[in-house]
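Here the structure comes first, spelled out in structure tokens, and everything after it is commentary.
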Amino acid sequence: MLQAALAGLLSGGAYALLAVCLVLLYRMTGTLNFALGATGVFGTFVMFSLHERGGPLGLAVGLGLLASVGIGGLLGWAMARWFAEAPLQVRSSVTIAYLIALLTLGFWIFGTNPKPVPHLVGFGGVELLGLRVPFATLVTLGLAALLALGVALFLQRTRAGVWLRALAERPTAAELLGVPVQALTVGVWAFAGGVSALAVMLIAPNRSPEFGVLSLLVLPAMAGALVGLFRSFPLALVGGLGIGLIEGVASSLPIAPYRQALWFLVMLAALLWSQRKEVWDAAR
Amino acid sequence: MSLEVRGLVVARGQAPVVRGVSFSVPPGEVTALLGPNGAGKTTLLEALSGILPAQEGEVWLFGVRVERASRVARARAGLAHVEQGRAVFPSLTVEENLWVGARSGLEEAFGLFPELEKRRRVPAGQLSGGEQQMLVLARALLGRPRVLLLDEMSLGLAPLVVRRLMETVERLAQAGLAVLLVEQFAHLALGIARQALVMSQGRLVYSGPAQALLREPGLLQEAYLGRLEVGA
Ligand SMILES: Nc1ncnc2c1ncn2[C@@H]1O[C@H](COP(=O)(O)OP(=O)(O)OP(=O)(O)O)[C@@H](O)[C@H]1O
Ligand SMILES: [Mg+2]
């Protein structure tokens, strides 16, 4: 069972990468990005296709990441241009429309034939406390931790980070001070797109490599982000990892066929918890 | 002229709120913009800085037309707008608020308002109203503007704080800045202004020396009531 839990950690790391990006986008731009998974899947399929045609893996990965950066940035540009003052519901709905567009485009460009899935990280592993931890898991976990820490530090310590936080609180006041709002917004969306591609590429060898299925990775990531109520980066990291762990453990139990739905319970628990807290706040 | 406005019309929703206003703001002095509640003063400033679009008319900033330019572009061109209601970034510290628009170090801001330096690591949302007003003024100045739009700085502040703010504005103008000052307390604004504009129901009903309004309070009253025709 421990080995099963460990297997879940790879998924958990990928969920955590996506969850941290979801929190970043929610906090800085007030949007729930349902298209984040598909944004990464698109770049991943660009990578698959290039690799299938004999392109070197490094180049394929690089161009795949670039594709997702572009697709993420494009959505960010549309948000900054046309939906800057729209409320959360409208902005989030726009991402759903974008998700549908990406799914359609993905099927159209890449078809439904299965593609060979290259492994980004070698097959080896290390022995830890009698368990064999694959390199891929280590790399994914490391990246997830690095991302959560890096994003938090970036927002605290850099000029652009201060700009982003100012923008999140009072976009108009930030603009009046000459903050390059459009460029920053596009930058955040593009960055999230690139990270999403990385997450999908890392997890793809363990999943059925279908465009639609992989695009739904955004849902367990949403559940992970919800653990920190879309506010906290460390909690999003923990939430993403936790959901992966639970899935892993469940796969060794009789409930295995339903394990993908377990994060629904996590979501429900987080939501109930948040309600309880609000009731508590209101009571004071 | 630093700022020049010609035939400006601005609407909120359907209704035109600023209805054909022309004036100019020269460098090195304070121009007071007065008028009763709802006259359209805030609406006018918002159109100047690009928060609201202009329906008609022209806005010239140092000889360049900017009425279609973005807010960021106008800020970069040297226009600063200190909004009504003290728009601090509440969860950012005093220091971080100042950094947002700063073109150099923060010393200048702390020189003007030493109390901000003492509270540099405090979230701006926790400051008093007076400190928040000092913060937004200092924050705007760090962007090295050449035209400064100030909207109702004194609202709800203690007289002592208000006097300090006014003295600061006066000194800034003496140092070369073009200031357009919107104030509820007419005598405060007129005390440091050279020219005065009075708005009523979206139109300018007085435009002339500030001293004239100070010397003849009746004139100001007439202007507020909209019974005065625009002077030269
Ligand atoms: N958000 C809004 N939507 C629609 N109408 C508005 C809005 N804000 C203000 N108005 C209307 O526009 C007119 C001008 O308002 P504005 O705030 O520009 O006046 P003001 O001279 O700044 O007044 P005050 O001295 O109260 O600040 C008023 O009649 C007001 O009712
Ligand atoms: Mg006003």
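Model, not experiment: these values are computed from the prediction. Order of the sequence lines sets the chain letters (A, B, ...), proteins ahead of strands, with each chain counted from 1. Values below: all heavy atoms of this structure, side chains included; hydrogens, waters and symmetry mates excluded.
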| Given that the side chain runs from C-beta out, which part of Ser70(B) has a heavy atom under 4.5 Å from chain A: side chain, backbone, both or neither? | neither
| Who among Ser49(B), Ala87(B), Ala80(B), Gly101(B) has the most heavy-atom pairs with chain A under 4.5 Å? | Ala87(B)
| remark: Between Glu169(A) and Phe89(B), the two heavy atoms sitting closest are OE1-C, 3.1 Å
| task | Please flag which part of Glu96(B) lies under 4.5 Å from any non-hydrogen atom of chain A: side chain, backbone, both or neither. | result | both
| task | Using a 4.5 Å cut-off on heavy atoms from C-beta on, say whether the side chain of Val72(B) contacts that of Val179(A). | result | no
| Interface residues of residues 151-168 of chain A facing chain B - non-hydrogen atoms under 4.5 Å apart | Gln156(A), Arg159(A), Val162(A), Trp163(A), Arg165(A), Ala166(A)
| Tell me, side chain or backbone of Val82(B) under 4.5 Å from chain A's heavy atoms, or both, or neither? | neither
| message | Taking CZ in Arg194(B) as the centre, count heavy atoms belonging to other residues, nucleotides or ligands within less than 6.0 Å. Is the count above 12? | response | no
Could you list the donor-acceptor pairs under 3.5 angstrom formed by side chains in residues 13-28 of chain B, with sequence neighbours left out?
unit_1: Arg19(B); atom_1: NE; unit_2: Gln201(B); atom_2: O; d: 3.2
unit_1: Arg19(B); atom_1: NH2; unit_2: Gln201(B); atom_2: O; d: 2.7
unit_1: Ser22(B); atom_1: OG; unit_2: Gly7(B); atom_2: N; d: 2.8

| What residues of residues 128-149 of chain B sit under 4.5 Å from chain A when you count only heavy atoms? | Arg139(B), Ala140(B)
| query | Does CZ in Phe62(B) sit with more than 12 non-hydrogen atoms of other residues, nucleotides or ligands closer than 6.0 Å? | reply | yes
| So with a 6.0 Å cut-off around CZ of Arg65(B), is the heavy-atom count from everything else above 12? | yes
| said: Could you check whether atom CZ of Arg81(A) has more than 12 heavy atoms from other residues, nucleotides or ligands sitting under 6.0 Å from it? | reply: no
| Between Gly50(B), Ala102(B), Pro90(B), the one whose heavy-atom pairs under 4.5 Å with chain A are most numerous | Pro90(B)
| Heavy atoms under 4.5 Å from chain B: which residues of residues 26-35 of chain A carry them? | none
| Looking at side-chain heavy atoms only, is the closest gap between Leu176(A) and Leu79(B) below 4.5 Å? | no
| query | Short question: side chain of Arg71(B), backbone of Gly178(A) - any donor-acceptor pair under 3.5 Å? | reply | no
| Interatomic spacing from NE2 in His81(B) to CG in Leu177(A) - rounded to 0.5 Å | 11.0 Å
| Which region of Leu92(B), side chain (C-beta onward) or backbone (N, CA, C, O), has a non-hydrogen atom less than 4.5 Å from a non-hydrogen atom of chain A, or is it both or neither? | both
